[in-house]
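First the structure, in the form of structure tokens, and then the observations on it.
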Amino acid sequence: MDVLRIPRWRLNTGGEIPALGLGVYQIPPGRATREAVQIAIEVGYRHIDTARIYGNEEDVGAAIRGSGVPRDEIFVTTKLWNSDHGRDATLRAFDESLRRLRLDAVDLYLVHWPVPRVRGETWKAMEAIHRSGRARAIGVSNYMEPHLQELLADASVVPAVNQVEFSPFRHRKGLLELCRGSGIQAEAYSPLTKGLRLGHPRLRSIGERMGRSPAQVLLRWSLQHGLVVIPKTVRRERMLENGRVFDFELSPADMALLDGLDEGLATGWDPEDAP
Ligand code: NDP
């Protein structure tokens, strides 16, 4: 059987993260999630991105345990939901996520959104969780430059990751530079624009010229900008297609063409002006 080989990149913790993972947002809890994660692991994925709010942590954990692949080969991310901010609530929410996943530790625990007023206190709790060893890395999501600068001014632990919406249609250059300069690995969520721009003529023409699909062109673009990508699909063929992005390269000219597509696209919530 065809098995993907996905490279791992180094985080500021010294640990590694597979450069491509499976996102499981909007995969219904229960069998659908268990099957998707099981297939992903079968075809070679070693990185799963879930969150408390997705409602499918139990199934992610069950599929990982059922896969027969050693736990330490699979990178598991989950996230702190917005109503769980603050010191005690964060500690409690993390315990509950671990309990649902039935894991002793996660590889990455993210603050899902920069909730105003409480996020500073939350980050202190995240640091305590990291020190306990039960989250091998901690990080943030949807943090724009002001949120990150505020955090960095007061943090003992620099986030390992910032997960944000990123695609040629939402190209966050300044934020990327700040992440890079601070040793924070940026991760692209909705890297396929939730499917909304897969028919764009520029993507199609670059893909046709290279013998690649629009989805592969999008993922390759994010990877070449240095981002980890976490495309979501429930279909085996698409998991394979999305994973076959490490054996070709977009030219500087094609990268520039794609860079020019920025339209500030937000396919879901948009933290751009969040207080
Ligand atoms: P994606 O950009 O990954 O797009 C997913 C959609 O594209 C699905 O409809 C899927 O359909 C389709 N698709 C997948 N592969 C292909 C392909 N090769 N060709 C054509 N269509 C394809 O959207 P998401 O918003 O799900 O983002 C990915 C992950 O990012 C999430 O699952 C989640 O883990 C994370 N995320 C994090 C957020 C945050 O705030 N931190 C917010 C949003 C997402 P099908 O399943 O039918 O194949």
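The structure presented is a predicted model; accordingly, all values stated were derived computationally and were not measured. In listed order, ligands and their atoms are each counted from 1. What's counted below: heavy atoms across the whole structure, side chains too, no hydrogens, waters or symmetry copies.
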Less than 4.0 Å is my threshold; does some heavy atom of Pro191 fall inside it relative to ligand 1? yes
Under the ring pair (Phe, Tyr, Trp, His ring centres under 6.0 Å) test, which residues partner His130, sequence neighbours left out? none
Among all the protein's non-hydrogen atoms, which is closest to atom 44 (C) of ligand 1, and how far away is it? Tyr189 CD1, 3.7 Å
Please check if the number of heavy atoms outside Arg31 that lie under 6.0 Å from its CZ is greater than 12. no
Which atoms of ligand 1 sit under 4.0 Å from any heavy atom of Ile230? 28 (C), 29 (C), 30 (O), 35 (C)
Ligand-residue contact atoms, ligand 1 with Ala215, heavy atoms, under 4.0 Å: 17 (C), 18 (N)
Proximity of Asn142 to ligand 1 by residue part, where a heavy atom lies under 4.0 Å: side chain
min-distance protein heavy atom vs atom 15 (N) of ligand 1 -> Asn242 ND2, 3.1 Å
N/O to N/O below 3.5 Å, does that happen between Asp49 and ligand 1? yes
Atom 5 (C) of ligand 1 [closest protein heavy-atom partner, distance rounded to 0.1 Å]: Lys232 O, 3.4 Å
Measure from the side-chain N and O atoms of Thr33 to the backbone N and O of Ile27, and report whether any donor-acceptor pair falls under 3.5 Å. yes
Applying side-chain contact (heavy atoms from CB on, under 4.5 Å) to Arg100 and not counting sequence neighbours gives Arg52, Glu57, Glu58, Glu96, Ser97
Do me a favour and list the nearest non-hydrogen protein atom to atom 2 (O) of ligand 1 with residue, atom name and distance? Leu192 N, 2.8 Å
Report, as yes or no, whether the 6.0 Å neighbourhood of atom CG on Asp247 holds more than 12 heavy atoms from other residues, nucleotides or ligands. yes
Should Val234 be counted as touching ligand 1, given the test is an N or O pair under 3.5 Å? yes
Which bit of Tyr54 gets closer than 4.0 Å to ligand 1, counting heavy atoms only: side chain, backbone, both or neither? side chain
For residues Leu20 and Trp9: do they belong to one hydrophobic cluster (side chain heavy atoms under 4.5 Å, members Ile, Leu, Val, Met, Phe, Trp, Tyr)? yes
Identify, for atom 19 (N) of ligand 1, the protein heavy atom at the shortest distance, and state residue, atom and that distance. Arg238 NE, 3.7 Å
NZ/NE/NH1/NH2 to OD/OE distance under 4.0 Å, Lys232 and Asp49: no
Quick one: do the His47 and Asp107 side chains pair a donor with an acceptor below 3.5 Å? no
Among all protein non-hydrogen atoms, which one is nearest to atom 25 (O) of ligand 1, and what is the separation to 0.1 Å? Ser190 OG, 2.8 Å
Give the numbers and elements of all ligand 1 atoms closer than 4.0 Å to a heavy atom of Pro231. 3 (O)
Stepwise, does the salt bridge (Lys or Arg N to Asp or Glu O under 4.0 Å) test hold for Glu16 with Arg46? CA-CA 11 Å; Glu16 290 183 331; Arg46 293 293 180 268; over 6 Å; no
May I ask you to check whether Asp254 and Trp221 show a side-chain donor-acceptor distance below 3.5 Å? no
Which of the atoms of ligand 1 are close to Leu198, meaning less than 4.0 Å from one of its heavy atoms? 20 (C), 21 (N)
For ligand 1, which atoms, with element, lie under 4.0 Å from some heavy atom of His112? 39 (C), 40 (O), 41 (N)
Among Arg34, Arg102, Arg65, which one satisfies salt bridge (Lys or Arg N to Asp or Glu O under 4.0 Å) with Asp59? Arg34
Just to confirm my output: which protein heavy-atom neighbour is closest to atom 6 (C) of ligand 1, and how far is it? Lys194 C, 3.8 Å
Nearest protein heavy atom with distance in Å, relative to atom 32 (O) of ligand 1: Tyr25 N, 3.0 Å
When you measure from the heavy atoms of Trp113 to every atom of ligand 1, does any distance fall below 4.0 Å? no
On a heavy-atom basis, the closest approach of Ala89 and His85 is CB-O, 3.4 Å
Check ligand 1 against Thr233 and write out every atom of the ligand that is under 4.0 Å from a heavy-atom position of the residue. 14 (C), 15 (N), 45 (P), 46 (O), 48 (O)
